[in-house]
*Asks:* 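One structure is given below, represented as structure tokens, and several questions about it will come after.
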Amino acid sequence: QVQLVESGGGLVQAGGSLRLSCAASGGVFSTYAMGWFRQAPGKERELVADISWRGGTIYYADSVKGRFTISRDNAKNTVYLQMNSLKPEDTAVYYCAAGTSVANSRVVDYWGQGTQVTVSS
């Protein structure tokens, strides 16, 4: 059983930056694809970015391209999401995800508890 613990959320002004971290335990981290999803009130959970197990393949949602960067450190069992130029519409609960694939929420094997990101205008 894999446990995922997110950190780094908070309140930031528009244009600011935050860095989310997700620490994994209980599994072989380096074999999992990892991703970040977000869910705003009244909306479906959506994939923001994902990264393959070796980091060679990365996907970004169009809404975050050029502003967010996903990375992973397999030696530290941690995946990161650097968020720059934040906008009010980025406000959501951000979830870390792990699995053979994390291409959409239906195929994710493991979820973190979520961390709130609030961007004020």
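The structure presented is a predicted model; accordingly, all values stated were derived computationally and were not measured. Note: hydrogens, waters and symmetry copies are ignored here, and every other heavy atom, side chains too, is used.
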*Asks:* So Glu89 and Thr91, side-chain hydrogen bond (donor to acceptor under 3.5 Å, both in side chains) or not? Walk me through it.
*Replies:* CA-CA 5 Å; Glu89 51 263 43; Thr91 295; over 6 Å; no

*Asks:* When you group the ILVMFWY residues by side-chain heavy-atom contacts below 4.5 Å and let the links chain together, are Val48 and Met34 in the same group?
*Replies:* yes

*Asks:* Quick one: OG on Ser25 to CD on Gln3, what's the gap to the nearest 0.5 Å?
*Replies:*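 One finds 4.5 Å between OG of Ser25 and CD of Gln3.
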
*Asks:* For the CD atom of Gln13 and the OG atom of Ser120, what is their distance to the nearest 0.5 Å?
*Replies:*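 Those atoms lie 5.0 Å apart.
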
*Asks:* Any idea how Tyr110 and Tyr32 line up, ring-wise: parallel (<30°), tilted (30 to 60°), or perpendicular (>60°)?
*Replies:*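 Tyr110 and Tyr32: perpendicular rings.
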
*Asks:* Rounded to the nearest 0.5 Å, what separation is found between the CG atom of Asn77 and the OG atom of Ser30?
*Replies:* 7.5 Å

*Asks:* The criterion is salt bridge (Lys or Arg N to Asp or Glu O under 4.0 Å); which residues satisfy it with Arg38, sequence neighbours excluded?
*Replies:*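 Once residues adjacent in sequence are excluded, the partners of Arg38 under the salt bridge (Lys or Arg N to Asp or Glu O under 4.0 Å) criterion are Glu46, Asp90.
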
*Asks:* Would you compute the distance between atom CZ of Phe68 and atom CG of Leu18 and round it to the nearest 0.5 angstrom?
*Replies:* 9.0 Å

*Asks:* So is Arg72 actually on top of Trp53's ring, under 6.0 Å and inside 45° of the axis?
*Replies:* no

*Asks:* Shortest non-hydrogen contact from Ile51 to Ser71?
*Replies:*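 Of all heavy-atom pairs spanning Ile51 and Ser71, the closest is CD1-CA, 4.0 Å.
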
*Asks:* In the single-linkage hydrophobic clustering (I, L, V, M, F, W, Y; side-chain heavy atoms under 4.5 Å), do Met83 and Tyr95 co-cluster?
*Replies:* no

*Asks:* Under 4.5 Å between side-chain heavy atoms, hopping through other hydrophobics if needed: is there a path connecting Tyr80 to Tyr60?
*Replies:*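 Per the 4.5 Å side-chain linkage, Tyr80 and Tyr60 are not co-clustered.
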
*Asks:* Could you give me the CA-CA distance, side-chain angles and deciding distance for Ser17 and Asn84, then say whether side-chain hydrogen bond (donor to acceptor under 3.5 Å, both in side chains) is met?
*Replies:* CA-CA 4 Å; Ser17 298; Asn84 299 328; 2.9 Å; yes

*Asks:* Look at the side-chain heavy atoms of Ile, Leu, Val, Met, Phe, Trp and Tyr, link any pair under 4.5 Å apart, and say whether Leu4 and Val93 land in one connected group.
*Replies:*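 Different hydrophobic clusters.
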
*Asks:* Apply the side-chain contact (heavy atoms from CB on, under 4.5 Å) test between Trp36 and each candidate in Val64, Val102, Val79, Leu47; give the one that qualifies.
*Replies:* Val79

